[in-house]
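Notes follow the structure.
Whatever order the structure lists ligands and atoms in, that order sets their numbers, starting from 1.
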Amino acid sequence: TQSTRPQRMLAAVHNNATRGDPRSVVKAIDQFCRQKEWAMNIGDEKGCILDSVVSEVNPAMVLELGTYCGYSTVRIASQLPPHAKIITLEFNPQNAAVARQIIAWAGLGEKIKLIEGSSGDWIPKLKEQFGVDTFDLVFLDHWKDRYLPDTKLMEECGLLRKGSILLADNVICPGTPEYLEYIRNSPRYKSQYFKSHLEYTRVEDGLEKSIFLG
Ligand SMILES: O=C(NCCCCCn1ccc2cnccc21)c1cc(-c2ccc(F)cc2)cc(O)c1O
Ligand SMILES: [Mg+2]
């Protein structure tokens, strides 16, 4: 039976990356996406911006919305301080299955809790189910029309604290106009745009970094 693109990406990781070496996993995926098949990982250019935000925030608790194959999950987790954790949400079970194996190959399973389901269902349950207090960093990379409702939901559920950082992918391409409008005009956030390119292309895209002011 025909393999899927995430399964072919996993094969590339198994064949080209060193088990237990997150940087080699990231490199193998980027090479696969540049040389073989485009895929919607954040990629190496925007990935460097993500890395700099993670190292600046040095978060103890991270929420990622949109695991896909685990590329950004691995990038973030490989920079977390000891005992820090990332909860990552993936809607598509097939993608989640691939992500679990890529995360395991990188040797980062201890730091990462992958949940299968939708943000709307799970955000209200994170405190009771996982004993989460607040998130220091939230990376938004799921359905682009869910960025705004889910940000409001996180506020309502008390998952953000004064100083929590939201980092949103794809605010230009595919684009998240309602989210940008809200977050850039809300007195409760201070936002900054990091201009970049859509992964593995020359098309403009960027990341929006926003600090929750409480
Ligand atoms: O669609 C994108 N990502 C979302 C994929 C689906 C997420 C589903 N999902 C996961 C967790 C979760 C939790 N709750 C609800 C739903 C949830 C995306 C697309 C492009 C892109 C594609 C084509 C093109 F021509 C240009 C750009 C580039 C990106 O970087 C992207 O991230
Ligand atoms: Mg994205």
Taking 4.0 Å as the limit for heavy-atom contacts, which would you say applies to [X] with ligand 1: side chain only, backbone only, both, or neither?
| X | value |
| --- | --- |
| Ile42 | neither |
| Leu198 | side chain |
| Trp38 | side chain |

key: Geometric N/O contact Lys144 with ligand 1, under 3.5 angstrom   = yes
task = May I ask you to check whether Ser119 has an N/O atom sitting below 3.5 Å from an N/O atom of ligand 1?
result = yes
key: atom 11 (C) of ligand 1 - nearest protein heavy atom and its distance   = Leu89 O, 3.3 Å
Identity and distance of the protein heavy atom lying nearest atom 17 (C) of ligand 1 = Phe91 CB, 3.4 Å
List ligand 1 atoms under 4.0 Å from [X], heavy atoms only on the residue side.
| X | answer |
| --- | --- |
| Asn170 | 28 (C), 29 (C), 30 (O), 31 (C), 32 (O) |
| Gly117 | 13 (C) |
| Asp169 | 30 (O) |
| Asp141 | 3 (N), 4 (C), 32 (O) |
| Gly66 | 10 (C), 11 (C) |
| Trp143 | 6 (C), 7 (C), 8 (C), 15 (C), 16 (C) |

key: Residue among Met9, Gln7, Arg5 satisfying side chain to side chain contact (heavy atoms under 4.5 Å, CB included) with Cys69   = Met9
message = So, applying side chain to side chain contact (heavy atoms under 4.5 Å, CB included) with Val138, which one of Leu160, Val62, Ile165, Thr151 is it?
response = Leu160
task = With atom 30 (O) of ligand 1 as the reference point, say which of Glu199, Met40, Glu64 has the nearest heavy atom.
result = Glu199
message = Within the 4.5 Å heavy-atom criterion, are Met154 and Phe212 side-chain neighbours or not?
response = no
request  = For the residue pair Lys209 and Phe194, establish whether any side-chain heavy-atom pair is separated by less than 4.5 Å.
outcome  = yes
message = Check this for me, if you would: do Asp133 and Arg161 make a salt bridge, where the nitrogen-to-carboxylate-oxygen distance has to be below 4.0 angstrom?
response = no
request  = Answer yes or no: is there an ion pair linking Asp205 with Lys195, defined by an N-O contact shorter than 4.0 Å?
outcome  = no
message = If you compare all heavy atoms of Ser78 against all heavy atoms of Leu108, which two are closest, and at what distance to 0.1 Å?
response = N-CD1, 4.0 Å
ask   = Closest approach of Glu45 and Ser196, non-hydrogen atoms and distance?
value = OE2-OG, 2.8 Å
query = So, for atom 25 (F) of ligand 1, does the protein have a heavy atom nearer than 4.0 Å?
reply = no
inquiry  = In the complex you have, is atom 7 (C) of ligand 1 within reach of the protein, judged by whether a heavy-atom distance drops under 4.0 Å?
reply    = yes
ask   = Can the positive tip of Lys125 be found less than 6.0 Å from the middle of the six-membered ring of Phe130, inside 45° of the ring normal?
value = no
message = Is the positively charged end of Arg184 above the ring of Tyr193, judged by distance under 6.0 angstrom from the centroid and angle within 45° of the axis?
response = yes
task = Give a yes or no answer on whether the side chain of Arg8 reaches the backbone of Ser3 with a donor-acceptor pair at less than 3.5 Å.
result = yes
ask   = Is the distance between the ring centroids of Tyr147 and His142 less than 6.0 Å?
value = yes
inquiry  = Suppose we only allow N, O or S atoms; which atom of Asp141 ends up nearest to the Mg ion (ligand 2)?
reply    = OD1
ask   = Can you name the N/O/S atom of Asp169 that is nearest the Mg ion (ligand 2)?
value = OD2
query = Does Gly43 have a non-hydrogen atom less than 4.0 Å from ligand 1?
reply = no
inquiry  = For Glu90, state whether at least one heavy atom is located under 4.0 Å from any atom of ligand 1.
reply    = yes
key: Pair Glu208-Ile183, side chain to side chain contact (heavy atoms under 4.5 Å, CB included): steps then yes or no   = CA-CA 9 Å; Glu208 189 81 1; Ile183 208 89; 4.3 Å; yes
key: the Mg ion (ligand 2) to nearest N/O/S of Asn170 below 2.8 Å   = yes
